[in-house]
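Inspection log for the structure reproduced underneath, given as structure tokens.
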Amino acid sequence: MLFHQKKRLESHQLRSSRWFGPDDLRSFGHRSRIKQNGLSTSEVAGKPVIGILNTWNDLNSCHGHFRDRAEEIKRGVWQSGGYPVEIPVMSLSETFMKPTAMYYRNLLSLETEETLRCYPIDAAVLMGGCDKTTPALIMGAVSAGVPFLLMPGGPMMRASWRGEPQASGTDVWRHWAERGAGRLSCDDWQDFEDHIAPSTGHCMTMGTASTMTSLAEVLGLTLPGAASIPAVHAAHSRMAAQCGQQAVELAWYDCRPEEILSRRAFENAITTDMAIGGSTNAIVHLIAMAGRAGIPLSLSDFDEISQRTPVLANIKPSGQYVMADFYDAGGLRGLLNQIQGLLHLDCPTVAGTTLGENISDAPVYDQDVIRPLENPLLEKGGTAVLYGNLAPDGCVIKPSAADRSLLQHTGPAIVFENYRDLRKRLNDPDLDVTANHVMVLKGTGPLAAGMPESGMLPIPKKLLEAGVRDMVRISDARMSGTSYGTCVLHISPESSAGGPLAVVQDGDLIELDVSGRKIHLHVSAEQLQRRLENWKSPDPNLSRGYGKLYFDETTQAHEGCDFRFLHNDGSRGPDPEID
Ligand code: FES
């Protein structure tokens with residue numbers, strides 16, 4: 001059912017009326033403190049309170065425009081008869097946070113949930129864009145059960161260097177490899193640094209940020225077309241004001257997250273993830289987000305949908321273009337229009353329309369950027385899920401961003417025990433490595449290191465100099481959505497949890513068979529068992545504070561890396577109202 005087919009609330013039925021309505025001392029305090037802000041009763045009385053959760057900070061340059069956008073959202077809220085309240089929440093800056101922003105995704109989700117719960121908020125506008133901010137905000141808001149929509153931060157403008165278009169991450173890794181091969185000078189590299197991030201906005205590739213905002217849109221959690229608008233485009237400001245307006249509507253109709261999110265909506269998101277050649281990180285995030293809504297998703301859902309979905313977005317790292325080209329070509333709505341037959345079109349959205357209505361008349365203006373079904377970038381299989389004795393609970397690879405000739409490969413392992421070991425030995429001229437080797441990195445899973453984006457292991461310098469640009473690399477890490485290469489990721493269980501990856505040794509033969517969905521360690525079952533029996537679990541290096549909570553409660557990659565106690569398995573009743 002679309003939300004405005006329900007009965008509109010009366011003012012006294014708004015959640016915030018519990019704070020402002022009663023004739024008691026506490027409510028007196030609430031009302032008098034609103035007046036302390038310089039607002040008179042007539043400006044706020046009986047109006048929906050719209051919480052604007054702003055993930056701005058000075059170290060998150062992807063959200064540099066968020067202070068302006070917050071004002072524009074407020075404008076929309078006032079115009080529609082609501083009362084806007086801006087609330088800063090933690091910002092997860094992908095580039096600056098150590099050990100990795102992923103480590104803090106669940107913390108922002110907790111903060112979001114509790115912020116929405118404790119304040120008199122009738123509906124929320126979540127301001128997110130930089131990678132983990134989008135899933136974290138959505139996870140928290142779903143758990144809080146408060147009506148909300150997402151204002152996607154938008155990608156930054158096109159970058160250009162020495163006459164060539166450049167893209168966040170993807171071209172950085174490419175030029176870094178050239179520098180490692182001695183083909184780019186220090187001065188060249190510094191000059192490149194001046195050009196690669198030309199405006200505010202999130203990474204302009206189809207990395208995790210663009211993937212997650214696109215998936216939020218197809219889930220029905222943004223206004224139609226919102227995810228593709230570049231951050232600095234005037235349309236982005238207009239969209240922000242419309243978010244404010246629409247949040248007031250969501251409040252009046254008490255449109256709860258469970259009215260939008262369903263198994264079918266998540267199937268749409270997975271289909272879209274495949275069609276846009278989305279980031280492998282989306283798998284972990286979608287499983288976690290669905291888990292908050294009490295909807296089980298498994299890795300096999302991704303593999304199955306991947307097998308029937310073509311990759312149509314010709315965007316880096318899988319393709320050639322960047323997000324500004326995608327927007328000009330028709331954006332996500334144009335792409336979704338191409339794959340209508342693969343989507344559940346009757347899913348409701350926060351716009352008060354169905355997904356089908358949102359995309360029915362969406363044109364594509366450039367069929368090289370958004371390919372038609374007859375001419376896809378890849379016929380199917382943007383992401384593949386592999387199983388085997390090396391990954392009993394699964395692992396993933398993005399074939400669309402890999403060297404096709406390596407998708408079937410057997411080679412000897414060269415093992416790095418952790419990232420420090422990798423850094424120390426990678427460029428040793430005596431490193432015994434060839435292009436045929438399979439590089440193995442341990443100690444980078446959720447429990448070991450917060451699951452950093454180390455999965456695109458750098459190619460050893462001696463091989464770079466010999467012209468090698470891709471190799472089979474396997475790890476329990478993630479990789480940036482902007483990365484590329486034949487990288488097997490998210491091996492589960494991870495090495496630090498005693499998964500078989502922990503006992504791989506130099507020289508062991510490893511077989512990668514993407515079409516057969518297999519990753520196999522050519523070691524006998526008996527020998528593998530013996531090695532595992534002798535394996536010693538590392539001491540947890542996080543023994544207090546948030547680190548302890550994280551270490552004690554985080555699930556493995558195939559389960560979404562959420563905290564166990566936040567996952568909604570359907571056994572928990574509604575949270576009690578707290579007065
Ligand atoms: Fe923020 Fe890439 S660093 S989206």
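No hydrogens, no waters, no symmetry mates; every other heavy atom, side chains included, goes into these values. FYI, the numbering just counts along the sequence from 1. Atoms within each ligand, like the ligands themselves, are counted from 1 in listed order.
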- Item | Residue pair Tyr546, Tyr103: steps toward the ring pair (Phe, Tyr, Trp, His ring centres under 6.0 Å) verdict | CA-CA 10 Å; Tyr546 177 70; Tyr103 178 62; 5.3 Å; yes

- Under 3.5 Å, side chain of Ser306 to main-chain N/O of Thr383, donor-acceptor pair present? yes

- Is it true that a side-chain atom of Glu494 and a backbone atom of Leu447 form a donor plus acceptor pair closer than 3.5 Å? yes

- Query: Can you say whether the rings of Trp161 and Phe192 are parallel (under 30°), tilted (30 to 60°) or perpendicular (over 60°)?
  - Reply: tilted

- Item | His63 and His202 aromatic centres sub-6.0 Å | no

- Residue and atom names of protein N/O/S atoms that fall under 2.8 Å from atom 1 (Fe) of ligand 1: Cys62 SG, Cys130 SG

- Query: With ring centroids as reference points, do Trp56 and His65 lie under 6.0 angstrom apart?
  - Reply: no

